[in-house]
Amino acid sequence: MADDLLTYADRVWAGDADLRPYYSGQLNREGLHRVADGVWMWPATGNVYVIDVGDALLLFDAGDRTNAQRFLAALRALTARPVSTLVYSHGHIDHVCGATVIDADPDRPVTVVGHVDIARRFDRYRLTPGYNALVNQRQFRAPGLTWPEVYRYPDRTYTDELQLDHGGLRVHLRHARGETDDATTAWIPDLKVLLCGDFYAWNAPNAGNPQKAQRHVAEWAATLEWMAGLGAELLLPGHGVPVRGAAKVARTLTDAATVLTHLHDATVDLMNAGATLDEILHSKSILTPTVKELLARPYLRPTYDDPEFILHNLWRAYGGWYEGDPAALRPAPRAELATEISELAGGPGQLAERALALLNSGNHRLAAHLVELAALAADDDPQVHRARAEVFGAMEADASSFMAKGIYGWAAAGSRARADGSDPWAVMRAGRWAP
């Protein structure tokens with residue numbers, strides 16, 4: 001890049017540049033980037049940070065397995081000193097799976113450090129590889145994605161706080177729950193550097209994710225507020241580029257905390273007033289002008305998760321899975337309900353036609369309900385599936401969040417395959433997603 005990484009990051013924060021060079025992999029093709037005295041960054045799917053601790057190196061995160069060899073080559077181009085310690089920010093595979101490559105030399109063993117709950121996460125991943133492969137194929141639009149079953153478990157674990165001392169450099173580790181229950185932040189007070197993992201990742205907080213385990217909204221907001229008060233001059237996130245300058249770091253973290261706190265408190269207030277989940281999701285009081293203004297800022301746009309999804313996670317955390325609809329407590333099979341409704345409407349074709357009319361009038365959400373009922377009632381009808389593909393294709397184009405686009409795109413691609421007489425799974429595995 002013409003600009004050094006930190007200058008480029010300043011421009012992204014101000015809205016004068018975007019993150020395409022980061023997401024395209026351009027930045028890591030340039031090797032490791034120095035971001036502070038004795039601190040380097042490998043900007044990749046999951047960022048890896050290298051910290052000089054005297055006669056050895058400390059890593060914060062290991063990245064994914066796909067890029068691990070390239071990371072090692074970049075590291076060795078910088079220095080021959082060994083890696084002594086690897087700290088996991090949390091157990092997501094894009095942050096830990098490079099560890100098996102980094103720690104492959106038996107003559108240079110690496111001590112892996114992480115929160116005690118990381119082992120439980122790895123155990124869960126090994127129990128559910130098929131499910132995790134499926135939901136991540138859909139979320140990331142990656143039909144060929146497979147889920148790992150081999151993990152490098154931590155050698156040293158902690159519960160609340162842990163201080164590492166290497167070569168006179170103090171690295172304070174602190175656990176909190178946010179996107180995950182096993183998250184770690186690292187604060188280096190002598191350098192005023194804060195490594196925050198996925199507590200901040202250049203999006204509105206990923207606190208809703210509809211296909212993943214419970215997120216912890218209130219604790220996430222509290223951790224953002226705590227980090228904002230440290231006086232860090234450099235924020236190093238799990239994804240995206242650094243944030244430089246104490247005022248910008250504090251503002252970034254505080255704004256993210258404000259969004260989460262408002263969504264949390266507004267949802268809890270409505271729950272306490274007796275609202276159902278449906279009423280909460282469509283309440284006009286949730287996304288206030290202030291929250292919308294924060295979400296429009298370059299460093300906080302909801303391009304990955306969707307604030308509406310966070311409301312679901314808050315309901316799940318405080319209210320269980322019953323959403324206030326007594327008919328859904330012990331429901332009839334969805335296909336039976338769809339067949340009954342379609343018969344009342346004059347057949348699945350009528351439902352599909354009405355769905356297209358609603359789509360054309362701009363009522364995408366209602367169109368989606370009707371076309372899904374039509375497809376459940378007539379799963380072998382090509383015309384119905386063409387309508388379903390059109391509706392969910394339009395919803396994919398209209399969605400702002402990456403997660404919503406993945407789910408809608410998956411649905412549209414499956415129906416295009418059914419309409420053409422193809423096997424949807426074969427289409428997915430071949431990666432034929434485009435209309």
Side-chain angles (χ1 to χ4, degrees), residues 5 27-116 118-119 121-122 148 150-158 162-175 182-188 190-191 193-198 234 236-239 242:
L5 178 63
L27 297 184
N28 66 45
R29 288 194 290 272
E30 300 170 4
L32 288 162
H33 297 256
R34 182 180 175 276
V35 293
D37 289 340
V39 182
W40 292 266
M41 175 183 181
W42 170 256
T45 307
N47 294 333
V48 181
Y49 296 99
V50 180
I51 303 164
D52 183 354
V53 289
D55 59 354
L57 304 172
L58 181 149
L59 302 186
F60 190 78
D61 276 339
D64 64 16
R65 186 176 179 86
T66 305
N67 290 301
Q69 290 290 358
R70 292 179 56 242
F71 163 71
L72 281 179
L75 182 63
R76 291 302 159 233
L78 177 72
T79 177
R81 278 177 295 192
V83 175
S84 65
T85 306
L86 165 61
V87 177
Y88 288 153
S89 69
H90 60 296
H92 281 167
I93 66 170
D94 51 340
H95 294 264
V96 302
C97 282
T100 56
V101 177
I102 293 168
D103 191 34
D105 186 349
D107 296 326
R108 290 184 169 185
V110 176
T111 298
V112 177
V113 180
H115 186 260
V116 67
I118 282 180
R121 172 179 299 278
F122 289 169
V150 176
Y151 299 91
R152 176 63 165 87
Y153 283 65
D155 304 299
R156 183 180 182 186
T157 61
Y158 77 102
L162 177 67
Q163 179 167 301
L164 303 177
D165 291 285
H166 288 278
L169 188 68
R170 295 170 297 150
V171 181
H172 295 279
L173 305 184
R174 185 177 188 268
H175 166 252
D182 55 7
T184 290
T185 60
W187 167 232
I188 309 176
D190 293 344
L191 300 178
V193 169
L194 175 61
L195 301 101
C196 67
D198 282 1
L234 185 66
L236 301 178
H239 304 273

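Quantities reported herein were computed from a predicted structural model and do not represent experimental measurements.
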Min side-chain heavy-atom separation V110-D155 under 4.5 Å: no
Side-chain heavy-atom pair T66, Q69 within 4.5 angstrom cut-off: no
Enclosure of D165 CG (heavy-atom neighbours >12, cutoff 6.0 Å): yes
Spacing of L57 atom CG and L78 atom CG [to the nearest 0.5 Å]: 8.0 Å
Distance, nearest 0.5 Å, that separates CG of L191 from CD1 of I51: 8.0 Å
Close side-chain approach of L236 to V39, heavy-atom, < 4.5 Å: yes
Evaluation steps, side-chain contact (heavy atoms from CB on, under 4.5 Å), between V112 and Y88: CA-CA 7 Å; V112 177; Y88 288 153; 3.5 Å; yes
Note, L86 side chain near D103 side chain (heavy atom, < 4.5 Å): no
Audit row: W42, R70, side-chain contact (heavy atoms from CB on, under 4.5 Å) steps and yes/no: CA-CA 10 Å; W42 170 256; R70 292 179 56 242; 4.0 Å; yes
Least distance between heavy atoms, V193 atom then A36 atom: CG2-CB, 4.1 Å
Donor on one side chain, acceptor on other, D94 and T45, under 3.5 Å: no
Distance-minimising heavy-atom pair for P154 and V113: CB-C, 4.4 Å
R152 and V96, any side-chain heavy atoms less than 4.5 Å apart: no
D190 vs R170, side-chain contact (heavy atoms from CB on, under 4.5 Å): CA-CA, chis, key distance, verdict: CA-CA 7 Å; D190 293 344; R170 295 170 297 150; 2.8 Å; yes
Non-hydrogen side-chain atoms of S89 and L195 separated by less than 4.5 Å: no
Heavy-atom side-chain contact between W40 and L75 under 4.5 Å: no
Main-chain N/O of R76 paired to R81 side chain as donor or acceptor, under 3.5 Å: no
Ring pair (Phe, Tyr, Trp, His ring centres under 6.0 Å), paired with H90, selected from H175, H95, H115: H95
Flag for T100-R65: side-chain donor and acceptor within less than 3.5 Å: yes
Test log, rule side-chain contact (heavy atoms from CB on, under 4.5 Å), inputs I188 and L169: CA-CA 8 Å; I188 309 176; L169 188 68; 3.8 Å; yes
pair E30-L5: side-chain heavy atoms closer than 4.5 Å: no
Exam field: side chain H166 to backbone T85, donor-acceptor pair closer than 3.5 Å: no
N/O donor-acceptor pair under 3.5 Å between N47 side chain and P237 backbone: yes
